[in-house]
J.: 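This is the structure, below, for whatever I ask next.
Here the structure is a predicted model, which is why all the values come from computation and not from measurement. The first residue of the sequence shown is numbered 1, and numbering continues consecutively from there.
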Amino acid sequence: MFALKELLAALGSPNLDCRQDGAQLDATVRASYLFNSTIAGIDQADAILMVGTDLRKEAPIVNARLRKRWLSGKLAVASIGSAGDFTYKCDVLGAGPATLQQIADGSHAFAATLKNAQRPMLIVGMGALTRDDGAAILALAQQAADNLGLIKDGWNGFNVVHIAASRVGGLDVGFVPGGGGLDCDGILAGAQSGRIDVVYLLGADEIDTSKLGKAFVIYQGHHGDAGAHRADVVLPGAAYTEKDAIFVNTEGRVQLARRAAWPVGEAREDWTIIRALSTQLGKTLSFDSLTQLRSKLIAANPLFAGIDRIKQSEWKSFGRAGAVNDTAFVSPIANFYMTDPISRASQTMARCTSEISGHGNRQAAE
């Protein structure tokens, strides 16, 4: 991702976006998009409010940790959004932003529960942040965190749950629209209208590819998902098991992964594809090895040097205060068993999903 950003910068293009699902996040404030309390921090929580998220579908490991804490009998849990089987007792306070506003201004009874807690947590999901008013909801969530004392010495109770594995790392490298750039919806609209001639999809499959119009589409990735089916050119990238790579988890923890197997066929590590492409475009990038690329990455953001460490992020204003509509929050996960290109490409998973839910996604496997 960082290599592609470097290439686009060399080409003078500000049109890049890591937020495939339209999440309204502020890349300039790291605390606004992290799970700041950390997953282990759930063990210390005594009150949790979830907003626009179904953790059982969107973050099962987080949900399991929350259930473990709840079983201790020391945790009060509430949710704003759709009711569901959370695997623990959870009071559904309301369906949409109106209830969050009441929490933020202290007029709702659960606001006192959060305020009186020693380790309160707010968990905001993509069901709240991928709406047109997502930035205003994010600002409202920060207001609640500030007013109810979720931020205190040694504790940050504000948390965001992501449904895209590369989201935090992308925001950390600034993979967002630059000056005059377009977000995901803007790029799709430009392609549909004919204003954008070329679209480069770096493993981007969670988009409506029917909106790419007549644009020339280059797809770089693996497992041949929706983006690859629409592409005019496919550049086969290595899967996560086939490369040495740096990943950043939802807590902001930088993790180092090692290659388990060599890429199959013509597939290559992603950075080598982008480096070769830069030469063909006459904009040769200034690195020839993974070591050199990582040096540039760390120079751009020193956080990437802190492997397996958590660094507390500065708490400051984020989001954009504004009007919100009272449409209910809805989880973006329609099919828990088909949330990634690997499972969607599996005929076995398609058949299993069909047996379990009765509406398996067979199209991806065909």
J.: Give me the atom names and distance for the closest heavy-atom approach of Trp155 to Gly41.
T.: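 Scanning both residues, the minimum pair turns out to be CH2-O, 3.5 Å.
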J.: Give a yes or no on whether Ile39 and Val160 share a hydrophobic cluster (residues Ile, Leu, Val, Met, Phe, Trp, Tyr; joining criterion: side-chain heavy atoms under 4.5 Å apart).
T.: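 They do not share one cluster, since no chain of ILVMFWY contacts under 4.5 Å joins Ile39 to Val160.
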J.: Answer yes if Leu55 and Leu71 sit in the same cluster of Ile, Leu, Val, Met, Phe, Trp and Tyr residues linked by side chain heavy atoms under 4.5 Å apart, and no otherwise.
T.: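 Yes, same cluster.
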J.: Go through Asp46 and Lys74 one step at a time and tell me if the side-chain contact (heavy atoms from CB on, under 4.5 Å) criterion holds.
T.: CA-CA 6 Å; Asp46 47 1; Lys74 301 176 182 179; 5.8 Å; no
J.: Write down the atom of Gly127, the atom of Pro332, and the distance for their closest heavy-atom approach.
T.: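 In terms of heavy atoms, the two residues are closest at N-CD, 3.8 Å.
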J.: Heavy-atom distance under 4.5 Å between the side chains of Arg275 and Gln292, does that happen here?
T.: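 They are not in side-chain contact.
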J.: Taking atom CD1 of Ile342 and atom CE of Met349, what is their separation to the nearest 0.5 Å?
T.: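 It is 10.5 Å, given to the nearest 0.5 Å.
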J.: Calculate, to the nearest 0.5 Å, the distance between atoms CG and CD1 belonging to Leu277 and Ile218 respectively.
T.: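 So the CG of Leu277 and the CD1 of Ile218 are separated by 6.5 Å.
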J.: Is the number of heavy atoms from other residues, nucleotides or ligands under 6.0 Å of Lys68 NZ greater than 12?
T.: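 At most 12 heavy atoms, drawn from other residues, nucleotides or ligands, come within 6.0 Å of this atom.
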J.: Could you tell me the separation between the CG atom of Asn63 and the CD1 atom of Ile123, rounded to the nearest 0.5 Å?
T.: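 Those atoms lie 9.0 Å apart.
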J.: Heavy atoms, side chains only, cut-off 4.5 Å: are Pro120 and Leu148 in contact?
T.: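 Side-chain contact under 4.5 Å: no.
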J.: Would you say Arg131's side chain and Ile137's backbone share a donor-acceptor pair under 3.5 angstrom?
T.: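 A pair under 3.5 Å: no.
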J.: Listed by chain and number, what are the side-chain hydrogen bond (donor to acceptor under 3.5 Å, both in side chains) partners of Gln143, not counting sequence neighbours?
T.: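 Result, side-chain hydrogen bond (donor to acceptor under 3.5 Å, both in side chains) vs Gln143: none returned.
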J.: Quick one: does any side-chain atom of Asn159 pair with a main-chain N or O of Asn36 as donor and acceptor, under 3.5 Å?
T.: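 Yes: the side chain of Asn159 pairs with the backbone of Asn36.
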J.: Looking only at heavy atoms, which two atoms of Ile42 and Leu66 are closest? And how far apart?
T.: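 The pair with the smallest heavy-atom distance is CG2-CA, 3.7 Å.
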J.: Run the side-chain contact (heavy atoms from CB on, under 4.5 Å) test on Leu93 and Gln102 for me, step by step, so that the C-alpha distance in whole Å, both residues' side-chain angles and the decisive distance to 0.1 Å come before the verdict.
T.: CA-CA 10 Å; Leu93 308 180; Gln102 293 171 358; over 6 Å; no
J.: Count I, L, V, M, F, W, Y as connected when their side-chain heavy atoms are under 4.5 Å apart, and connections chain through other members. Are Ile48 and Leu150 then in the same cluster?
T.: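 Different hydrophobic clusters.
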J.: Could you tell me which non-hydrogen atom of Asp288 sits nearest to which non-hydrogen atom of Trp271, and how far apart they are?
T.: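 Smallest interatomic distance, heavy atoms only, reads O-CH2, 3.8 Å.
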J.: Measure the shortest side-chain to side-chain distance between Asp105 and Asn147 over non-hydrogen atoms and say whether it is less than 4.5 angstrom.
T.: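 No, their side chains stay 4.5 Å or more apart.
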J.: I'd like to know whether OH of Tyr337 has more than 12 heavy-atom contacts from other residues, nucleotides or ligands below 6.0 angstrom.
T.: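 It does not: Tyr337 OH has 12 such atoms or fewer within range.
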J.: Quick one: does any side-chain atom of Asp225 pair with a main-chain N or O of Gly227 as donor and acceptor, under 3.5 Å?
T.: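 Side chain of Asp225 to backbone of Gly227, a donor-acceptor pair under 3.5 Å: no, none is there.
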J.: I'd like to check Tyr240 versus Phe247 (side-chain heavy atoms, cut-off strictly below 4.5 Å). Are they in contact?
T.: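 Tyr240 vs Phe247: side chains touch.
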J.: Could you check if a side-chain atom of Thr339 sits within less than 4.5 angstrom of a side-chain atom of Ile163, using non-hydrogen atoms only?
T.: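 In short, these two side chains do not touch, never coming nearer than 4.5 Å.
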J.: Within the side chain of His162, is there an N or O that forms a donor-acceptor pair under 3.5 Å with the backbone of Tyr33?
T.: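 Yes; judged by distance alone, with no hydrogens or angles, the pair exists.
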J.: Any side-chain to backbone donor/acceptor pair from Arg67 onto Tyr88? Under 3.5 Å, distance only.
T.: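 Checked: no pair found.
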J.: As a quick check of understanding, evaluate side-chain contact (heavy atoms from CB on, under 4.5 Å) for Met126 and Ile333, giving each step before the final call.
T.: CA-CA 9 Å; Met126 292 301 115; Ile333 303 297; over 6 Å; no
J.: Show your reasoning for whether side chain to side chain donor-acceptor pair (under 3.5 Å) applies to Ser32 and Gln142.
T.: CA-CA 8 Å; Ser32 73; Gln142 183 185 32; over 6 Å; no
J.: Do Leu235 and Arg268 come within less than 4.5 Å of each other through their side chains, counting heavy atoms only?
T.: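 Counting from C-beta outward, Leu235 and Arg268 never come under 4.5 Å.
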J.: Could you check whether any side-chain N or O of Asp133 sits under 3.5 Å from a backbone N or O of Ala136, counting only pairs where one atom can act as donor and the other as acceptor?
T.: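 Absent.
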J.: Indicate, with yes or no, if Ile274 and Ile246 share a hydrophobic cluster defined by side-chain heavy-atom contacts under 4.5 Å among Ile, Leu, Val, Met, Phe, Trp and Tyr.
T.: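 Cluster IDs for Ile246 and Ile274 match.
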J.: Hey, what do you get for CZ (Phe158) to CE (Met121), rounding to the nearest 0.5 Å?
T.: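 Going from CZ on Phe158 over to CE on Met121, the span is 11.5 Å.
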J.: Do Leu75 and Val51 belong to the same hydrophobic cluster, where Ile, Leu, Val, Met, Phe, Trp and Tyr are linked whenever their side-chain heavy atoms lie under 4.5 Å apart, directly or via other members?
T.: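 Leu75 and Val51: separate clusters.
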J.: Can a donor-acceptor pair be found, under 3.5 Å and without considering hydrogens, that links the side chain of Arg258 to the backbone of Leu256?
T.: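 Side chain of Arg258 to backbone of Leu256: no pair is present.
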J.: Taking all atoms of both residues into account, what is the closest heavy-atom pair of Ser286 and Lys296, and its distance?
T.: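 Taking Ser286 first and Lys296 second, the nearest heavy atoms are OG-NZ, 3.3 Å.
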J.: Kindly determine whether Asp232 and Arg230 satisfy salt bridge (Lys or Arg N to Asp or Glu O under 4.0 Å), including the steps that lead there.
T.: CA-CA 7 Å; Asp232 296 284; Arg230 168 57 183 85; 3.5 Å; yes
J.: If you count every heavy atom of other residues, nucleotides or ligands that lies below 6.0 Å from Asp132 atom CG, does the total exceed 12?
T.: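 No, not enclosed.
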J.: How close do Ile103 and Ala144 get, counting heavy atoms only, and between which atoms?
T.: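 For Ile103 and Ala144, the tightest heavy-atom pair comes out as CG2-CB, 4.3 Å.
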J.: Can Arg259 be said to sit on top of Trp262's aromatic six-ring, NZ or CZ under 6.0 Å from centre and within 45° of the ring axis?
T.: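 Positive - Arg259 is close enough to the ring of Trp262 and near enough to its axis.
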J.: Could you measure the distance from the CG atom of Leu49 to the NE2 atom of His108? Nearest 0.5 Å is fine.
T.: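 Output value for this atom pair is 9.0 Å.
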J.: Given 3.5 Å as the limit, does a donor-acceptor pair link the side chain of Ser193 with the main chain of Gly190, or not?
T.: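 Indeed, once roles are kept as given, a pair shorter than 3.5 Å links the two residues.
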J.: Let me see the working for Arg167 and Leu25 under side-chain contact (heavy atoms from CB on, under 4.5 Å), right down to the final yes or no.
T.: CA-CA 10 Å; Arg167 172 77 45 68; Leu25 298 164; 3.8 Å; yes
J.: Any heavy-atom pair between the side chains of Leu182 and Arg195 that's under 4.5 Å?
T.: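 Contact flag for Arg195/Leu182 side chains = yes.
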J.: Check whether Arg69 reaches the backbone of Ala45 with its side chain - one donor and one acceptor, N or O, closer than 3.5 Å.
T.: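 Looks like yes, one N/O pair under 3.5 Å.
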J.: Less than 4.5 Å apart, side chain to side chain, heavy atoms only: is that true for Ser354 and Arg351?
T.: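 No, too far: nothing below the 4.5 Å cut-off.
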J.: Is a side-chain donor or acceptor of Ser37 paired with a backbone partner of Asn156 at a separation under 3.5 angstrom?
T.: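 Between the backbone of Asn156 and the side chain of Ser37 there is a qualifying donor-acceptor contact (under 3.5 Å).
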J.: Side chains of residues 299-323: which donor-acceptor pairs under 3.5 Å do they make with residues two or more places apart or in other chains?
T.:
from: Asn301; atom 1: OD1; to: Leu303; atom 2: N; distance (Å): 3.1
from: Asn301; atom 1: ND2; to: Asp172; atom 2: O; distance (Å): 2.8
from: Trp315; atom 1: NE1; to: Asp146; atom 2: OD1; distance (Å): 2.8

J.: If I take atom CD from residue Gln192 and atom NZ from residue Lys211, how far apart are they, to the nearest 0.5 angstrom?
T.: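 Atom-to-atom, Gln192:CD and Lys211:NZ are 6.5 Å apart.
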